[in-house]
Amino acid sequence: MNSLNTPVIAIHGGAGTITRAAMDPAKEGEYTAALQAVLQAGQRVLADGGSALDAVTEAVRLLEECPLFNAGKGAVLTHAGTYELDAAIMDGATLAAGAVACVKRVRNPVLAARAVMEKSEHVLFAAEGAEAFAAAQGLELVEPGYYFTQARHEQWQRARATAGMALLDHDAAALAARAGNAAPGALAEPIDPDTKFGTVGAVALDAQGRLAAATSTGGVTNKQVGRVGDTPIVGAGCYADDVAAVSTTGTGEMFIRTVAAYDVAAQMRYAGVALDEAARRVVMEKLPAIGGRGGLIAVDRQGNVTLPFNTEGMYRGFARVGGPVSVSIYG
């Protein structure tokens, strides 16, 4: 998908197993509308001459504000019934990056990550230190109850009842269905909420040819307290340079082990591999070889866009300035 030198933004809202048998058209429409609204907002930033960095920041902030996705409002719960959120952002023009991990009171982790990038000499802050830094920058802190949604609470309860296993976000309604005790509406989401890899992200190319990426997550349902996945790890869940910008979603440990986001850009820089092929190798070959599931979104400096995934579906879309908004869920 190419349009040379035209600013473009792409987003994702997680990948996972499609629940076609219990599809709810109304819920599918909610997801589609939410993705379209976020893309339109990012598209406006770029159309007004804004930077790729500003476009991905705004897109991910809006995804954090939407309870349909596992980032910010609507984040999943840890084994202890608490919330721990992660985010990262990277400016491809300068290789500047910022990230936060295990924050419990920051309303918009992506804004905290950007503050780390722009207002500190560091790249990654964690837990209470990250929250103190965010507060010092004037960012909004919230009580943990802000993140709560009934759907995520029920998802957490199902995970705890299943041998205490941790569940990747949109993967838990399948358990309820197999047990024959699905609550009304539990299988209404296009992607099974109990088998979904719950991360959101955005990548963009602006009119000046600059690239940027941002990623944010509430983690995995019923995870051990203190566990950190790929999202805030620069090169794993988020990466941007002057070749490509990449944001991932999936089994975080496997994306860390393969340095998945960086690998796409590295193949392009050092081996001359095209964006589509570099992303395909990571998602369809390297990750599955070690049991990794999920997908990624990426854009290169020519404006090519790719959105591969090795699951049944991924909430995703892209929009070029002056062009239509394209949104998809299924494979």
Side-chain angles (χ1 to χ4, degrees), residues 1-3 6-44 46 55-56 59-60 62-63 66 68-71 74 168-171 173 187-193 195-205 213-217 244-250 260-261 264 275-280 282-284 287 293-300 303-331:
M1 290 175 279
N2 172 267
S3 182
T6 300
V8 61
I9 183 167
I11 64 172
H12 70 77
T17 301
I18 297 296
T19 54
R20 291 185 182 277
M23 187 57 59
D24 182 329
K27 180 61 72 174
E28 181 178 342
E30 286 184 41
Y31 278 91
T32 297
L35 292 168
Q36 289 174 334
V38 171
L39 279 170
Q40 288 166 348
Q43 190 181 42
R44 283 194 298 272
L46 294 172
V56 299
V60 172
L62 290 171
L63 288 164
C66 181
L68 293 175
F69 302 102
N70 174 23
L168 292 153
D169 172 40
H170 292 286
D171 284 334
L187 289 175
E189 297 185 30
I191 295 182
D192 182 345
T195 56
K196 175 179 175 289
F197 310 109
T199 308
V200 305
V203 295
L205 170 73
T215 312
S216 181
T217 188
V246 185
S247 175
T248 73
T249 175
V264 174
L275 178 70
D276 272 345
E277 176 61 13
R280 186 200 66 78
V282 170
V283 174
M284 303 302 183
L287 284 165
R293 295 180 64 226
L296 61 80
I297 57 173
V299 59
D300 67 16
N304 295 299
V305 175
T306 189
L307 308 94
F309 52 97
N310 60 32
T311 53
E312 290 184 50
M314 181 169 77
Y315 296 114
R316 65 199 187 278
F318 71 98
R320 301 185 188 282
V321 168
V325 169
S326 174
V327 170
S328 302
I329 296 176
Y330 313 113

Separation between CG of Leu205 and CZ of Arg320, rounded to the nearest 0.5 Å:
8.5 Å
Can you check whether Arg280 reaches Thr306 side chain to side chain, under 4.5 Å on heavy atoms?
no
Close side-chain approach of Ser328 to Tyr315, heavy-atom, < 4.5 Å:
no
What's the shortest heavy-atom distance between Lys27 and Glu189, and which atoms?
CG-CA, 3.7 Å
Tell me, do Thr17 and Thr311 make a side-chain contact under 4.5 Å, heavy atoms counted?
no
Any donor-acceptor N/O pair, Arg316 side chain to Ile297 backbone, under 3.5 Å:
no
What one should report as the nearest heavy-atom pair of Val200 and Gly13 is CG1-CA, 4.1 Å
Are Arg293 and Phe309 packed together at the side-chain level, in the sense that at least one heavy-atom pair is separated by less than 4.5 angstrom?
no
Which residue, Leu63, Leu62, Thr199, Val60, forms the side chain to side chain contact (heavy atoms under 4.5 Å, CB included) with Phe69?
Leu63
Which residues pass the side chain to side chain donor-acceptor pair (under 3.5 Å) test with Gln36, not counting sequence neighbours?
none
Is any side-chain heavy atom of Val321 less than 4.5 Å from a side-chain heavy atom of Val8?
no
Distance (rounded to the nearest 0.5 Å) between Gln40 CD and Ile9 CD1:
11.5 Å
With Ala261, which residues qualify under side-chain contact (heavy atoms from CB on, under 4.5 Å), at least two apart?
Tyr239, Val246, Thr248
Gap between atom CZ of Phe197 and atom OG1 of Thr249 - 0.5 Å precision:
7.5 Å
Identify the two heavy atoms, one from Cys66 and one from Ala34, that lie closest to each other, and give their separation to 0.1 Å.
SG-CB, 4.1 Å
Report the residues that fulfil side chain to side chain donor-acceptor pair (under 3.5 Å) with Thr217, sequence neighbours left out, ordered by chain and then residue number.
none
Mind checking whether Leu35 and Ile11 have side chains closer than 4.5 Å, heavy atoms only?
yes
Using modelled atom types and a 3.5 Å cut-off, is there a donor and acceptor pairing between side-chain atoms of Glu312 and backbone atoms of Tyr330?
no
Under 3.5 Å: donor-acceptor pair, side chain of Gln43, backbone of Gly323:
yes
Is the shortest heavy-atom distance from the side chain of Asn304 to the side chain of Val299 under 4.5 Å?
no
So which heavy atom on Met314 is nearest to which on Pro308, and how close?
CE-O, 3.9 Å
Leu296 pairs by side chain to side chain contact (heavy atoms under 4.5 Å, CB included) with which of Val203, Val282, Leu307?
Val282
